[in-house]
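Down below is the structure, laid out as structure tokens.
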Amino acid sequence: ALAAAAAFANGIAFAGDVVLYSSNSVDAINAVSEEFTKKNPGIKITAVRGSTGAMMQRIKAEAGAPKADIFWSGGFAVLGLYEDYFAPYKSPEVAGIDASYRSPKDLWVGTNRHVMVIMVNKRALKGDPMPRTWSDLANPRWKDRLVISDPEKTSSSLATLWGINE
């Protein structure tokens, strides 16, 4: 949260009001906003919260007249798909973050890692071996036996499909 607040502070300290789009929890958004406000009392943050997919669709729809100043949270797969809608910014703090965790075009900086898992209903295996890797899921034996959320609505599903494809 402090890293995000620092990035926030360095990136928009000259603004009067800031609109933040985020898929983070209300608690995380509030913690970062409170830290930011302590350091920048003259700046009001308006947070708009939704799933990463919904926020990306909103950013895309607003491309001609952007409403958000900052988007906070989303996986590399999602950010890569929508990079045309981001403006570059090089934070003075970026030197402290490994290059593998940031966009080479200064479009985003990673702040955390997400773990994607495969959950298996062992009763539904019906004698088949349990899948252990993403590539296992491409085996025809799993046709019509997988469940995944709509990737247009949740970045976790999009990241999972991206991972399987990669």
Side-chain angles (χ1 to χ4, degrees), residues 1-118 133-135 148-166:
L2 292 176
F8 229 167
N10 289 318
I12 54 174
F14 56 87
D17 290 344
V18 173
V19 177
L20 165 69
Y21 284 3
S22 182
S23 59
N24 281 301
S25 69
V26 172
D27 290 340
I29 292 168
N30 288 343
V32 169
S33 296
E34 286 170 21
E35 186 66 26
F36 176 82
T37 301
K38 286 180 196 172
K39 295 179 180 180
N40 302 276
I43 300 173
K44 178 186 174 210
I45 297 172
T46 300
V48 178
R49 190 184 171 286
S51 70
T52 300
M55 293 292 94
M56 290 294 100
Q57 290 299 315
R58 189 168 178 162
I59 288 168
K60 182 179 178 181
E62 295 172 353
K67 307 277 188 282
D69 297 297
I70 293 177
F71 170 72
W72 177 32
S73 193
F76 294 167
V78 175
L79 297 176
L81 290 173
Y82 289 89
E83 71 178 19
D84 291 344
Y85 302 100
F86 297 123
Y89 171 73
K90 189 165 187 171
S91 168
E93 306 297 327
V94 79
I97 299 174
D98 187 275
S100 63
Y101 299 114
R102 58 183 194 229
S103 161
K105 299 176 189 174
D106 293 321
L107 298 175
W108 49 262
V109 175
T111 60
N112 58 316
R113 290 184 181 186
H114 295 267
V115 177
M116 299 295 179
V117 298
I118 300 170
T133 67
W134 294 117
S135 58
I148 191 166
S149 300
D150 184 343
E152 288 189 354
K153 296 191 164 74
T154 171
S155 64
S156 298
S157 292
L158 180 60
T160 298
L161 293 175
W162 179 83
I164 291 169
N165 186 60
E166 291 298 310

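Just so it is clear, the model here is predicted, and its values are computed rather than measured.
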Let me check something: any side-chain donor-acceptor pairs from residues 55-63 under 3.5 Å, sequence neighbours excluded? List them with distances.
residue, atom, partner, partner atom, Å
Q57, NE2, Y82, OH, 2.6
R58, NE, Y21, OH, 3.1
R58, NE, E62, OE2, 3.2
E62, OE1, Y21, OH, 2.8
E62, OE1, K67, N, 3.4
E62, OE2, Y21, OH, 2.9

Q. CG of L79 to CG of L107: how many Å apart, nearest 0.5 Å?
A. 9.0 Å
Q. Looking at S157 and P151, what are the two nearest heavy atoms and their distance?
A. CB-CA, 3.8 Å
(Q) Is it the case that the side chain of S22 and the backbone of W72 share a donor-acceptor pair, with hydrogens and angles ignored and the cut-off at 3.5 Å? (A) yes
Q: Check P88 against K105 and note the closest heavy-atom contact, atom names and distance.
A: CB-O, 3.5 Å
Q: For F71 and F86, run side chain to side chain contact (heavy atoms under 4.5 Å, CB included): C-alpha distance rounded to whole Å, both residues' side-chain angles, the deciding distance at 0.1 Å, then the answer.
A: CA-CA 9 Å; F71 170 72; F86 297 123; 4.3 Å; yes
(Q) Using every non-hydrogen atom in the two residues, find where V18 and I43 come nearest and quote the distance to one decimal. (A) CG2-CG2, 3.6 Å
**Q.** Student check: side-chain heavy atoms of N30 and E34 closer than 4.5 Å
**A.** yes
Q) Just checking, any donor-acceptor pair under 3.5 angstrom between side chains of S100 and D98? A) yes
**Q.** Heavy-atom closest contact (T52 atom, S23 atom, distance)
**A.** OG1-OG, 2.7 Å
**Q.** Nearest atoms (heavy-atom pairs only) where N24 meets R49
**A.** O-NE, 2.6 Å
Q: Determine the minimum heavy-atom distance between R102 and V94, stating which atoms define it.
A: NH1-O, 2.7 Å
